[in-house]
Amino acid sequence: MIIQPKVRGFICTNAHPQGCAANVHEQIDYIKSQPAITGGPKKVLVVGASTGYGLASRITAAFGCGASTLGVFFEKPPTEKRTASAGYYNAAAFEAEAHAAGLYARSINGDAFSDEVKARTIEMIREDLGEVDLVIYSLASPRRTDPKTGQLYSSVLKPIGKPYTSRNLNTDKLEIGDITLEPASEEEIASTVKVMGGEDWELWLRALSDAGVLSDNCKTVAYTYIGDKLTRSVYGDATIGKAKEDLDRAARTISASGEADAHVAVLKALVTQSSSAIPVMPLYISLAYKVMKEEGTHEGCIEQLYRLYTEGLYSDNPQLDSDNRYRMDEWELRRETQAKIEALWPQVNNENLFQLTDHRGYQADFLKLFGFGVDGVDYAADTSPLVPADFA
Ligand code: NAD
């Protein structure tokens with residue numbers, strides 16, 4: 001079939017296998033071009049390993065540290081008539097490249113929130129690796145079924161306390177307008193914490209520790225975003241921010257239990273399948289791209305992750321904030337950078353969108369997430385959606 005992007009709102013419902021493979025290859029090449037990471041992990045579990053920050057975490061572990069990696073994700077396989085989800089193709093491409101490089105890489109495709117997937121992961125670690133010395137928790141999901149009660153929780157992206165009106169970019173219509181978000185109810189706040197907070201991270205670490213598959217010096221990290229003034233009402237001070245605060249609590253509990261040395265890492269705002277669904281973020285990210293590219297401080301997931309390993313996780317002298325978090329968002333949050341974004345924010349309109357912001361870069365990165373617009377890929381070619389993959 002000829003595979004062209006099918007974009008609906010803020011998602012693309014198909015993906016290009018060769019484009020996804022080329023993206024993975026590009027990230028691997030970046031890591032190989034950097035100095036090798038000293039003192040890095042040897043056996044790594046990545047939960048949420050198929051796209052965005054989790055995929056970059058896995059690539060950095062494998063190709064920067066020579067680590068064996070086990071990836072967990074929830075992706076749609078292909079059929080004769082439908083492409084797989086991008087993460088499926090990414091993971092298949094990653095495994096192929098890792099195996100070609102002589103690296104152990106296996107994956108489990110299933111619901112990471114379930115007890116069953118945790119049990120399968122433990123089995124695989126026992127059989128193949130014995131133990132792991134780094135657990136990356138990079139899940140982003142709109143819902144979670146509590147494994148104990150069977151209750152389904154959904155997260156919401158809403159402000160807390162009072163309605164919030166902000167400038168917003170409709171990425172479908174390319175229109176700038178105001179958006180008013182109604183505040184979340186107490187129940188919605190609690191559900192969002194249930195889905196995106198630290199409970200499942202803790203359950204993972206407890207299950208792995210009880211099974212005796214964590215090394216003595218095991219580290220674990222979960223990812224968060226904090227942001228500044230322009231995003232505070234939709235992120236930091238909103239339902240998702242509450243859930244992310246819960247990660248700090250979970251990190252303290254995990255570390256205190258002795259299961260692993262747990263930290264939260266604060267990463268920068270980037271286009272991923274998850275962030276494109278958050279109101280206001282596409283306009284903010286388009287402006288941040290513009291300013292940071294001009295400053296020479298722009299990074300993608302892979303550059304952020306290389307710095308997290310070298311300047312955070314495996315540095316003798318990591319930069320931790322007062323809440324014990326690794327900070328990789330320091331360039332985005334520089335006062336002068338934020339001041340430039342804040343100055344442009346009220347000036348953007350439908351006519352100057354592509355001059356004042358880097359929305360072109362945003363659009364290109366968005367399509368790239370699904371393997372489209374990648375140099376060297378022939379999008380006119382008849383392409384089979386079927387790609388062999390050996391996921392458990
Ligand atoms: P993403 O959508 O690219 O990746 C999400 C991953 O979670 C995928 O591998 C997906 O398969 C997996 N997943 C989702 N539900 C699952 C389930 N039930 N079982 C198993 N796997 C499941 O998202 P991302 O932006 O890379 O986000 C990863 C983490 O980084 C999140 O915690 C997010 O809040 C954080 N973060 C993102 C940004 C940003 O701007 N994108 C910034 C800072 C921090």
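Basis for what follows: all heavy atoms, side chains included, without hydrogens, waters or symmetry-related copies.
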Go through it in stages, so that I can follow the logic: the residues are Thr165 and Thr180, the test is side-chain hydrogen bond (donor to acceptor under 3.5 Å, both in side chains), and I'd like the CA-CA distance, side-chain angles, deciding distance and then a yes or no.
CA-CA 4 Å; Thr165 300; Thr180 298; 2.8 Å; yes
Under a plain distance cut-off of 3.5 Å, with no hydrogens placed, do Ser154 and Arg143 share a side-chain donor-acceptor pair?
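Judged by distance alone, the side chains do not pair up.
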Using a distance-only test with no angle check, is there a side-chain donor-acceptor pair under 3.5 angstrom linking Tyr225 and Glu332?
yes
Using the ring of each side chain (for Trp, its six-membered ring), is Tyr309 parallel, tilted or perpendicular to Tyr314, with breaks at 30° and 60°?
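Ring orientation, 0 to 90° scale: tilted.
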Should side-chain heavy atoms under 4.5 Å link Ile, Leu, Val, Met, Phe, Trp and Tyr, which residues sit in the same cluster as Phe73?
Tyr88, Tyr89, Val387, Phe391
Under a single-linkage rule joining Ile, Leu, Val, Met, Phe, Trp and Tyr whose side-chain heavy atoms are separated by less than 4.5 Å, which residues share a cluster with Trp331?
Met292
Output yes when [X] and [Y] qualify as a salt bridge under the 4.0 Å nitrogen-oxygen rule, no when they do not.
X      : Y      : answer
Lys118 : Asp200 : yes
Asp246 : Arg249 : yes
Arg334 : Glu295 : yes
Arg252 : Asp248 : no
Lys268 : Glu299 : no
Glu131 : Lys43  : no
Glu182 : Lys158 : no
Lys242 : Glu188 : no
Lys340 : Glu336 : no
Arg120 : Glu123 : no
Asp133 : Lys42  : no
Lys293 : Asp358 : yes

Check the hydrophobic clustering (I, L, V, M, F, W, Y; side-chain heavy atoms under 4.5 Å; chains of links allowed) and say if Tyr53 and Phe370 are grouped together.
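Linked, Tyr53 and Phe370 end up in one cluster.
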In one Ile/Leu/Val/Met/Phe/Trp/Tyr side-chain cluster, 4.5 Å: Ile108, Tyr104
yes
Please say whether the positively charged group of Arg144, taken as NZ for Lys or CZ for Arg, lies over the ring of Tyr153, i.e. under 6.0 angstrom from the six-membered ring centre and within 45 degrees of the axis.
no
Salt bridge (charged side-chain N to carboxylate O under 4.0 Å, His left out) evaluation trace for Asp115 with Lys148
CA-CA 9 Å; Asp115 288 343; Lys148 301 286 171 283; 3.8 Å; yes
Is there a side-chain hydrogen bond (donor to acceptor under 3.5 Å, both in side chains) between Trp201 and Thr220? Walk through the geometry before answering.
CA-CA 9 Å; Trp201 184 26; Thr220 185; 3.0 Å; yes
Between Tyr379 and His16, ring centroids under 6.0 Å:
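Yes: the rings meet the under 6.0 Å criterion.
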Any side-chain heavy-atom pair from Leu369 and Asp365 closer than 4.5 angstrom?
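Answer no - side chains too far apart.
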Taking the side chain as every heavy atom from C-beta outward, state whether Leu214 and Val135 have any atom pair closer than 4.5 Å.
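Side-chain contact under 4.5 Å: yes.
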Got a donor-acceptor contact below 3.5 angstrom from the Ser274 side chain to the Thr272 backbone?
no
Arg232 and Asp228: CA distance, side-chain angles, deciding distance, salt bridge (charged side-chain N to carboxylate O under 4.0 Å, His left out) verdict
CA-CA 6 Å; Arg232 192 164 290 153; Asp228 203 346; 3.3 Å; yes
